[in-house]
Amino acid sequence: MGLLIYLNGKLVQEEEAKISIFDHGLLYGDGVFEGIRSYNGRIFKMDEHLIRFYNSAKAIMLEVPLNFYDLKNAIIQTVRANKLRDSYIRVVVTRGVGDLGLDPNKCKVPTLFIIASSIQLYQDSLYEKGLDIVTVGTRRNLTESVNPAIKSLNYLNNIMAKIEANNAGVAEGLMLNEQGYISECTGENIFAINKGVLRTPPISAGVLGGITRDTVMKIGASMDLVVKEENMTRYDIYTAEECFLTGTAAEIAPIVSLDKRMIGNGKPGKITEKIRKKFWTLTQEEGVSVYE
Ligand code: PMP
């Protein structure tokens with residue numbers, strides 16, 4: 001039997017979970033989404049993800065058809081209905097059904113769906129060996145166009161970058177912003193460690209305010225690292241002692257080279273490994289319980 005999907009207020013079988021071809025989420029990428037994980041029956045950083053979800057919707061003037069409390073419950077019900085303990089949860093709201101024009105005013109009812117399933121972005125061996133990545137030519141969107149801080153359904157910018165990484169035969173691509181500063185990878189934030197400083201680009205550099213990014217900054221501070229959000233260039237990564245990316249799906253993945261420049265000794269860094277362990281412990285201890 002397939003998954004049970006939450007679609008516009010009801011749990012339906014995967015095969016029945018269908019939306020109109022006139023939905024503007026499909027026609028124009030007009031909508032926003034979240035990717036959340038549950039670990040061991042608890043949904044990790046749920047409020048943080050939902051706050052970002054409502055903020056994304058607000059930025060594109062789309063009203064989420066459920067309030068915070070009801071959405072939270074709908075997510076819990078969906079995970080529970082699928083009897084999942086470790087899961088990846090996708091929450092999507094689109095502008096809904098309209099005509100073939102762009103006008104969002106013609107879309108009267110947003111579409112809301114929740115998928116609770118699983119995900120694995122990279123093979124286990126990549127976490128052990130570390131990722132080789134390259135800088136891609138596709139620049140991250142301007143903050144004054146579709147701001148990368150909005151987790152919108154419009155991921156073509158990232159997909160173009162991912163295609164470049166695929167073509168280069170590596171697991172990830174590093175995207176720069178229009179000024180040439182580092183922004184993020186195709187679906188993850190990036191960090192570098194050098195001389196006790198944990199550094200990541202600021203949101204203004206055209207990055208999504210990652211929930212894992214926030215968690216890692218807090219872990220870093222608790223380990224007496226100096227945590228800085230500042231503009232970075234590729235040089236800062238080439239010359240770093242350690243580097244890693246973060247994301248809900250990817251979790252924390254060490255990066256061992258950028259553009260064929262070996263980072264540190266070319267192996268996952270020791271501090272990165274400590275951060276990974278602490279992150280893992282948090283995922284096992286915290287979160288909103290699905291089954292109690
Ligand atoms: N940047 C982008 C472009 C993303 O899509 C994501 C989420 N997949 C991230 C960063 C990481 O954010 P989070 O840690 O909240 O998953």
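In each ligand, atom 1 is the first atom listed, and ligand 1 is the first ligand listed.
Ring-centre distance between Tyr155 and Phe33: below the 6.0 Å cut-off.
Partners of Asn231 under the side chain to side chain contact (heavy atoms under 4.5 Å, CB included) rule, at least two apart in sequence or in another chain, are Tyr181, Pro202, Ala205. Taking Lys267 as the reference, nothing meets the salt bridge (charged side-chain N to carboxylate O under 4.0 Å, His left out) condition, with sequence neighbours excluded. Under the side chain to side chain contact (heavy atoms under 4.5 Å, CB included) criterion, Leu102 pairs with Tyr28, not counting sequence neighbours.
Remark: side-chain polar atoms of Ser145 are not paired, donor with acceptor, to backbone N or O of Asn141 under 3.5 angstrom.
Residues Pro110 and Pro65 are in side-chain contact: their nearest non-hydrogen atoms beyond the backbone lie under 4.5 Å apart.
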Every pair of nitrogen or oxygen atoms between ligand 1 and the protein that is under 3.5 angstrom apart - can you list them with their distances to 0.1 Å?
residue  : atom   : partner : partner atom : Å
ligand 1 : 1 (N)  : Glu184  : OE1          : 2.6
ligand 1 : 5 (O)  : Lys151  : NZ           : 3.2
ligand 1 : 5 (O)  : Tyr155  : OH           : 2.4
ligand 1 : 8 (N)  : Gly187  : O            : 3.1
ligand 1 : 14 (O) : Ile211  : N            : 3.3
ligand 1 : 14 (O) : Thr212  : N            : 2.9
ligand 1 : 14 (O) : Thr212  : OG1          : 2.6
ligand 1 : 15 (O) : Arg52   : NH1          : 2.7
ligand 1 : 15 (O) : Arg52   : NH2          : 3.0
ligand 1 : 15 (O) : Ile211  : N            : 2.7
ligand 1 : 16 (O) : Thr248  : N            : 2.8
ligand 1 : 16 (O) : Thr248  : OG1          : 2.6

